[in-house]
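First the structure, in the form of structure tokens, and then the observations on it.
The figures here come from the full heavy-atom set of this structure, side chains too, leaving out hydrogens, waters and symmetry mates. First the proteins, then the strands, lettered A, B, ... as listed; each starts at 1.
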2 protein chains.
Amino acid sequence: MKPLTRKQVADAAQVTIEAVRFYEKEVLIAEPPRTEAGYRQYPADTVKRLRFIKRAQSLGFSLPEIRELLALRVDPETTAADIRHRAQQKIQEIEQKIQALHSMKLALERITETCHGSGLASECPILDALDQEANKGEPKP
Amino acid sequence: MKPLTRKQVADAAQVTIEAVRFYEKEVLIAEPPRTEAGYRQYPADTVKRLRFIKRAQSLGFSLPEIRELLALRVDPETTAADIRHRAQQKIQEIEQKIQALHSMKLALERITETCHGSGLASECPILDALDQEANKGEPKP
DNA sequence: GTTGACCCTGTATTATACTACAGGGTTTAG
DNA sequence: CTAAACCCTGTAGTATAATACAGGGTCAAC
């Protein structure tokens, strides 16, 4: 497969050409090989990596967190047990996010139902949606 | 119930006292009534609102988006149909986030399994996890 | 009645994550 | 062979979401 130019990876991943350089500086993508003239030559899967970064950001992960996620792979620098441990921690974080999003979705569904029916309630069920303390062990029907 | 001071709501919601003022300026919380001396007096549910803001942020919502979420309630300014419509859009966004987090969790689970067993693989399954294009209709076992 | 912990306002500074030049080199299509 | 469209580096500027004062007022407890 032919290597891609910076514009090509940027367009394919729906990020700007400048963002690509920025992510390289932030060590979120590897420094690619260069041509004689110094042009970057990206392997095709850099596009995946860039898309992953964007999506993970929209899920509330910061760049340092995303760097950690991308580092979760077995390599000579880290032991398998270490990776497994870190991955399990991330899984927990993710489960908490999923849980919170589910509560939020439920609250919004209650809103659409309220608005569908008689339509004159004005409390704010969404407020309780993500309330960690309040939600302990009493998920409302 | 007694109203709370700024420090009290801030502590209860685990945000800084300055953040409370900031959210007021950004119209994410209402301007509370004041004492004679000009001290803010917060109703208890401001704590919930602040916690909602923090949690929603960690799920990747920006302050303008959170403002929109908090505005999803029936009141004289908006029609029920309008609210229902906007709530349904938000539900879709949320479902997409949940979907993405599920893929990510699955990828991490694959990593822990890989590391648990023979432990010498070094591909990066997480990269494919959030790849919208690649994941169309072919969820891997 | 003064000390410490809190309150007020306004403004300045910071961190994160980009985005936008400036000033120059390269490559490809016509 | 030249013009458009890309590439390079470095540095400066922006938006968002806070955080940190400065300079002063209030209140409750000792």
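The separation between Leu63(B) atom CG and dT16(C) atom P is 17 Å, rounded to whole Å. Residue Phe61(A) contributes atom CZ, which lies 18 Å from atom P of dT16(C) at whole-angstrom precision.
Leu59(A) places none of its side-chain heavy atoms less than 4.5 Å from the side chain of Leu59(B). Two residues are said to be in side-chain contact when any heavy atoms from C-beta on lie closer than 4.5 Å; Tyr42(A) and Thr5(A) fail this criterion. Contact of the Arg34(A) side chain with the Arg40(A) side chain is registered, since non-hydrogen atoms from C-beta on lie closer than 4.5 Å.
Of all nucleotides in DNA chain D having an atom under 4.0 Å from a heavy atom of chain B, the first and last in 5' to 3' order are dA17(D) to dC27(D).
Residues of residues 12-26 of chain A having a heavy atom closer than 4.0 Å to DNA chain C, listed by number: Thr16(A), Glu18(A), Arg21(A), Phe22(A), Tyr23(A).
Between Arg34(B) and Gln57(A), the residue anchored nearer the 5' end of DNA chain C, judged by the nucleotide with its closest heavy atom, is Arg34(B).
Between Arg67(A) and Glu26(A), at least one side-chain N (NZ, or NE/NH1/NH2) sits under 4.0 Å from a carboxylate O, which counts as a salt bridge. Ion pairing between Arg49(A) and Asp45(A) fails under the 4.0 Å rule for side-chain N and carboxylate O.
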(message) Quick one, Met104(A) with Leu69(B), criterion side-chain contact (heavy atoms from CB on, under 4.5 Å). Give me CA distance, side-chain angles, the key distance, then yes/no.
(response) CA-CA 10 Å; Met104(A) 203 150 149; Leu69(B) 285 169; 3.0 Å; yes
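Looking at residues two or more places apart in sequence or on another chain, you find a side-chain hydrogen bond (donor to acceptor under 3.5 Å, both in side chains) between Lys7(A) and Asp11(A). By the side-chain hydrogen bond (donor to acceptor under 3.5 Å, both in side chains) test, Arg21(B) pairs with Glu18(B), sequence neighbours left out.
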(message) Generate the contact string for nucleotides 24-30 of chain C. Rules: B means base contact, S means sugar-phosphate contact only, - means no protein heavy atom under 4.0 Å.
(response) -BBS---
Determine all donor-acceptor pairs shorter than 3.5 Å in which one atom belongs to a side chain in residues 88-95 of chain B; sequence neighbours excluded.
from: Lys90(B); atom 1: NZ; to: Glu68(B); atom 2: OE1; distance (Å): 2.9
from: Glu95(B); atom 1: OE2; to: Lys105(A); atom 2: NZ; distance (Å): 3.0

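For the pair Gln57(A) (side chain) and Lys54(A) (backbone), a donor-acceptor distance under 3.5 Å is absent.
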